[in-house]
Enquirer: 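I am attaching a structure below and will ask some questions about it afterwards.
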Amino acid sequence: MNQRLAVLRSVTIVSVSTYIEYALGLVVSIWIARALGPADFGRYAFTVWLCGWLITCSNNALTTSSTKFIAEADGAGEPGIASHISHRLGQLQHASSFIVLALFVLATFIMRPTEWNQFLLPVTVLVVVAVAAKANYAMLVAIEKGQEHFEPEALATVIGGAIGVALVISAAIAHAGLLAFIAIFAIACLVLNLLNRLAYRKYCRPYAAGPIPKDTGTRLYRHLRLTAVLVLLGSFKGSTIEVFLLNTFASTTAVGFFAIALTLTRGAVQLFSVGLTSTLLPYMAKSFGQHGQQHATYFLAEATRFYWAVGIAIAGLGLVTTPEIVTLMYGNRYLHAIPAIEAILVLGGLLLIVNSISAFQTVVDRQDDRIRITLIALLANAVLGISLIPHFGLAGAVLTYAGTRFAELGLAIFYLRRATTGGIPVAPMARLFGVGIAATATAWLVTAALPGHYGFVAGAGAFVAVYVPASILVRYWTDDDYRLMTMVTSRLGLPGRMLMRLLNGLHRPWSKTLP
């Protein structure tokens, strides 16, 4: 239970900061989309997507391996080795970023992207600055997570996000153009890096050069090689093919619509699950270092249950609230993006459990399985994209995204079954899925019955009113979950006691062991 409280504290820190970050990021997205219009917003989205892809290539396996091996060394009682690992991988990250950015600059002046024809040189410089700063920031965050310190990232994202919002609103009021918003993006990345470095000095252990034991080094470099292949392959699978083909065969407007769908889905996933996602790998790795694979498998089952509950909420609320929210936030010029947003939100929610399986495979050194999964999913992504997007545009991109994600889920479960028994509590998940359908239908009826643009608020309330108590009635939550809830709500005074009295009236005790 002490470990659960530690995890809950970390989840709370990450979640609160992410909620603030997402709110600020949403404000930024809305202001930029309204200021630039669909076509220029598509060009901006293409630039930001390219920066994200270059960051992924720059860091490849380094962030994941840092978090895993630092946490594992701490779990084994070897903080000195963890410090040496941090230094070694930090040096590799600098070299990797330099190589990737040099290749990018060379490719830019050979290919000369049409999106930047009017200002090729300044955009190239801004992309280099943004990628170098954000990639290094991500590496330092990975080291912080390995040490189980989530405060620096939280502080940096909240303060940096507020500065970014102020800059974007000022630029929008001044009627700035595309180049100005790309420059603000680069400045925001620099500020984020600086703030995180300052916070790291206060909260985290410094790292220094030193020897790494031979057996640990062998495992580390094998993990780096396999994960690098995995991450680089995944960088092509993660909407890269869809964006490239849309930009080539459709229009920048379609790219903008698809980017909005991905942004809102990513925001919803982060809003509901980022605390668990950010803390899962380090805590699971530490558990693996202390107790071995059996305990990591139990951790997997727990994480899968929570991911499934969150995913159904994302899917149901996404269907109910998307049309009105998009109209209110982005305006009528973005109405054609709504079906794509709804579809991707549902998929993003229901397939969220892939995150827990991927974390488990990383922790127990099954990276070869992840590579096989990614290779096959990438092949499916390419085949679907080439077949569908040139003919169907945005709808083809959504179908490509859906087919790829379902292929990834099926393969992940297949390879998980080969590595361990258990890990996915199928029976409780099936019961909760039925609850989610009932809650979504109720919320949709409430929303449809209320005129105006704010009926979705009542619909969302109806979803929660059905979903939460029904999940308790179908015995989805374990006794351990309730003990943790009791410990948390006891600190909330009278409201907490009233809430637990209501929950206890619905809850029937059951075995701690998951089916």
Enquirer: What are the two closest non-hydrogen atoms of Ala135 and Ile55, and how far apart are they?
Expert: CA-CG2, 3.9 Å

Enquirer: Are the side chains of Leu126 and Leu179 in touch, meaning some heavy atoms are under 4.5 Å apart?
Expert: yes

Enquirer: About how many Å separate OH of Tyr401 and CG of Leu384, when rounded to the nearest 0.5 Å?
Expert: 14.0 Å

Enquirer: Could you tell me which non-hydrogen atom of Ala171 sits nearest to which non-hydrogen atom of Ile184, and how far apart they are?
Expert: CB-CD1, 3.5 Å

Enquirer: Looking at Trp308 and Met429, would you say the former's side chain and the latter's main chain have a donor-acceptor pair under 3.5 Å?
Expert: yes

Enquirer: What do the steps show when you test His391 against Phe249 for side-chain contact (heavy atoms from CB on, under 4.5 Å), and what is the final call?
Expert: CA-CA 8 Å; His391 301 289; Phe249 294 103; over 6 Å; no

Enquirer: If we count only N and O atoms by modelled type, under 3.5 Å, do the side chains of Asn381 and Thr400 hold a donor and an acceptor together?
Expert: no

Enquirer: If you apply the rule side-chain contact (heavy atoms from CB on, under 4.5 Å), what do you find for Glu408 with Ile373, and how did you get there?
Expert: CA-CA 6 Å; Glu408 189 177 17; Ile373 293 169; 4.1 Å; yes

Enquirer: Testing the basics here: between Ala133 and Asn193, what is the closest heavy-atom pair and its distance to 0.1 Å?
Expert: O-ND2, 2.8 Å

Enquirer: Do Phe119 and Leu178 have side-chain heavy atoms sitting under 4.5 Å apart?
Expert: yes

Enquirer: Starting at CD1 of Ile312, measure out to CG of Leu317 and round the result to the nearest 0.5 Å.
Expert: 11.5 Å

Enquirer: Do Ile341 and Val326 have side chains that approach each other closer than 4.5 Å (heavy atoms only, starting at C-beta)?
Expert: yes

Enquirer: Looking at Tyr415, I'd like to know if its OH atom is crowded, meaning that more than 12 non-hydrogen atoms belonging to other residues, nucleotides or ligands lie closer than 6.0 Å.
Expert: yes

Enquirer: A side-chain contact here means heavy atoms from C-beta on lying under 4.5 Å apart; do Thr321 and Phe463 qualify?
Expert: no

Enquirer: Please tell me if the side chains of Ile314 and Val346 come closer than 4.5 Å, counting only heavy atoms from C-beta onward.
Expert: no

Enquirer: Is the side chain of Ser58 donor-acceptor paired with the backbone N or O of Leu54 at a distance under 3.5 Å, no angle test?
Expert: yes

Enquirer: Measure across Leu347 and Ala402 and return the closest heavy-atom pair with its distance rounded to 0.1 Å.
Expert: CD1-CB, 3.3 Å

Enquirer: To the nearest 0.5 Å, tell me how far Ile353 CD1 sits from Ile413 CD1.
Expert: 5.0 Å

Enquirer: Output the distance between atom CG (Leu140) and atom OG1 (Thr63), rounded to the nearest 0.5 Å.
Expert: 12.0 Å

Enquirer: To the nearest 0.5 Å, how far apart are OG1 in Thr404 and CD1 in Ile241?
Expert: 7.5 Å

Enquirer: Is Tyr467 reaching over with its side chain to a backbone N or O of Ala309, donor-acceptor style, under 3.5 angstrom?
Expert: yes

Enquirer: Kindly indicate, with the supporting measurements, whether the criterion side-chain contact (heavy atoms from CB on, under 4.5 Å) is fulfilled by Ser96 and Asn60.
Expert: CA-CA 8 Å; Ser96 177; Asn60 49 80; 3.1 Å; yes

Enquirer: Atom CD1 in Ile437, atom CG in Leu432: separation rounded to 0.5 Å?
Expert: 10.5 Å

Enquirer: Is a side-chain donor-acceptor pair under 3.5 Å present for Thr157 with Glu153?
Expert: no

Enquirer: Taking C-beta and beyond as the side chain, do Ser29 and Phe41 meet within less than 4.5 Å on heavy atoms?
Expert: yes

Enquirer: Got more than 12 heavy atoms from elsewhere within 6.0 Å of CZ, Phe98?
Expert: no

Enquirer: Do the rings of Tyr44 and Phe181 sit parallel, tilted or perpendicular, given the 30° and 60° boundaries?
Expert: perpendicular

Enquirer: For a 4.5 angstrom cut-off between non-hydrogen side-chain atoms, does Val243 reach Phe46?
Expert: yes

Enquirer: Considering all heavy atoms of both residues, which atom of Ala458 and which atom of Leu450 are nearest to each other, and what is their separation?
Expert: CB-CD1, 3.4 Å

Enquirer: Should Lys134 and Leu190 count as side-chain neighbours, where that means a heavy-atom distance under 4.5 Å?
Expert: no

Enquirer: Would you check, one step at a time, whether the test side-chain contact (heavy atoms from CB on, under 4.5 Å) holds for Leu319 with Leu345?
Expert: CA-CA 8 Å; Leu319 280 175; Leu345 271 171; over 6 Å; no

Enquirer: Tell me if a side-chain donor or acceptor on Thr67 pairs with a main-chain N or O of Ala142 at a distance below 3.5 Å.
Expert: yes

Enquirer: Could you check whether any side-chain N or O of Asn59 sits under 3.5 Å from a backbone N or O of Thr56, counting only pairs where one atom can act as donor and the other as acceptor?
Expert: no

Enquirer: What pair of heavy atoms forms the shortest contact from Arg34 to Leu328, and how long is it?
Expert: NH2-O, 3.3 Å

